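My structure is below; once you've seen it, I'll send some questions.
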There are 2 protein chains.
Amino acid sequence: MEIVIDIEDPVPLFSQLVTQVKDAIQNGKLSPGDPLPSIRQLAIDLELNAKTVAKAYRLLERDSVIQTRGYRGTFVHPDARANSTVDLNAWVMDKLTDTVAAFREAGATDSEIRIAFGKVMNERIGGER
Amino acid sequence: MEIVIDIEDPVPLFSQLVTQVKDAIQNGKLSPGDPLPSIRQLAIDLELNAKTVAKAYRLLERDSVIQTRGYRGTFVHPDARANSTVDLNAWVMDKLTDTVAAFREAGATDSEIRIAFGKVMNERIGGER
DNA sequence: ATATGTACCATTACAACACATGGTACATAT
DNA sequence: ATATGTACCATGTGTTGTAATGGTACATAT
């Protein structure tokens with residue numbers, strides 16, 4: 001697995017890492033069950049902060065692309081191949097695109113939409129940790 | 001029509017103005033057809049920048065609460081009473097609240113939702129002025 | 001001891017955006 | 001001339017959120 005992080009790239013570092021892991025899985029360079037470097041080790045290799053790597057791993061696990069087994073390390077998820085194709089963000093984008101289009105059609109200003117969005121995102125419903 | 005703008009109020013000035021005009025209409029202090037002060041004049045009276053007043057007027061006209069007749073001035077819209085009840089922002093908020101809730105339920109991070117939103121808002125489809 | 005993922009404390013830098021301000025200019029019609 | 005709404009140029013301020021960094025600590029198990 002060769003991962004290259006470009007500090008100049010406007011794409012966030014953790015995001016580059018997520019993408020490259022998914023790519024490696026789709027290319028077959030990584031297979032289900034394969035072990036991944038530990039957060040700390042990978043941070044050293046890529047000259048990143050461990051937090052940054054941890055963030056990438058957290059997102060990858062949420063998408064069931066990798067699996068963390070506590071002290072045993074991190075491994076490629078059994079369904080990684082399928083799950084690294086499914087793009088949660090794409091689904092979110094599509095939904096949002098439609099919604100925003102409806103707003104604009106209704107005459108709402110981009111500014112108004114942004115403000116409404118900001119309010120919604122800050123509304124912590126009923127006790128979220 | 002008595003309008004009072006509070007500079008200390010965290011609510012934006014143009015927004016205070018919009019609200020107060022709508023209120024005046026619902027209270028009957030303003031009736032359909034009534035003339036409104038010119039942008040420049042109202043700016044002087046309220047000690048606001050003309051741009052700020054213009055912004056409020058623009059939004060009010062978009063909601064068909066007032067009507068601008070060019071050089072003839074600005075007047076309360078015939079359907080102002082009904083239209084000042086309809087709250088476009090409330091509708092936008094509701095829709096967005098549902099949409100965002102669905103995203104969160106799907107496991108999306110708030111950060112991801114924000115990023116997706118940012119992308120959607122910056123996508124200027126096909127030649128917008 | 002050593003290593004795993006994870007959780008908290010925190011700060012810094014940076015970008016995007018809203019709000020409000022100022023000035024100037026235009027076509028419109030009185 | 002005077003006034004209307006509107007459009008463009010622009011700047012400054014403050015807020016918000018992201019991204020990335022650092023340090024410390026924990027329970028887990030080898």
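Here the structure is a predicted model, which means the values were calculated and not measured. Letters go in sequence order (proteins before strands), and every chain restarts at 1.
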Selection from D:dA20, D:dT18, C:dT4 that lies nearest to any side-chain heavy atom of B:Ile115: D:dT18
N or O in side chain of A:Ser111 less than 4.0 angstrom from C:dA18 OP1/OP2: yes
Candidates D:dT28, D:dG5, C:dG23 - which lies nearest the side chain of B:Lys51: C:dG23
First of B:Gly118 and A:Gly70 reached from the 5' end of DNA chain C, by closest nucleotide: A:Gly70
Same apolar cluster (I L V M F W Y, side chains within < 4.5 Å links), A:Ile3/A:Phe75: no
Counter-base of C:dA18, judged by Watson-Crick or G-U geometry with both distances under 3.5 Å: D:dT13
Presence of salt bridge, B:Glu112 and B:Arg104, under 4.0 angstrom: no
Touch class at under 4.0 angstrom, heavy-atom based, for B:Glu61 against every strand present: sugar-phosphate
Candidates D:dG5, C:dT6, C:dC8 - which lies nearest the side chain of B:Ile39: D:dG5
Identified pairing partner of D:dT30, criterion: Watson-Crick or G-U wobble below 3.5 Å: C:dA1
Matching residue for A:Val76 among A:Val65, A:Leu60, A:Ile25 - test: side chain to side chain contact (heavy atoms under 4.5 Å, CB included): A:Ile25
Side-chain N or O of B:Thr52 closer than 4.0 Å to phosphate OP1/OP2 of C:dC19: no
Closest to side chain of B:Arg40, choosing from C:dC17, C:dA25, D:dA20: C:dA25
Side chain of A:Phe14 - closest among D:dA20, C:dT21, D:dT4: D:dA20
Phosphate-side-chain proximity, A:Asn49 and D:dA20, N/O vs OP1/OP2 below 4.0 Å: no
Presence of B:Ser38 side-chain N/O under 4.0 Å of D:dA3 phosphate oxygens OP1/OP2: no
Any B:Thr74 side-chain nitrogen or oxygen under 4.0 Å from OP1 or OP2 of D:dG5: yes
Sugar-phosphate only, base, or nothing, as touched by B:Arg114 at under 4.0 Å among non-hydrogen atoms: sugar-phosphate
Ring geometry between B:Phe117 and A:Phe117 (parallel below 30°, tilted from 30 to 60°, perpendicular above 60°): parallel
Mate of D:dG23 where both pairing distances stay under 3.5 Å, Watson-Crick or G-U: C:dC8
Student check: side-chain heavy atoms of B:Leu46 and B:Thr52 closer than 4.5 Å: no
side-chain N/O A:Lys55 vs D:dA19 OP1/OP2, d < 4.0 Å: yes
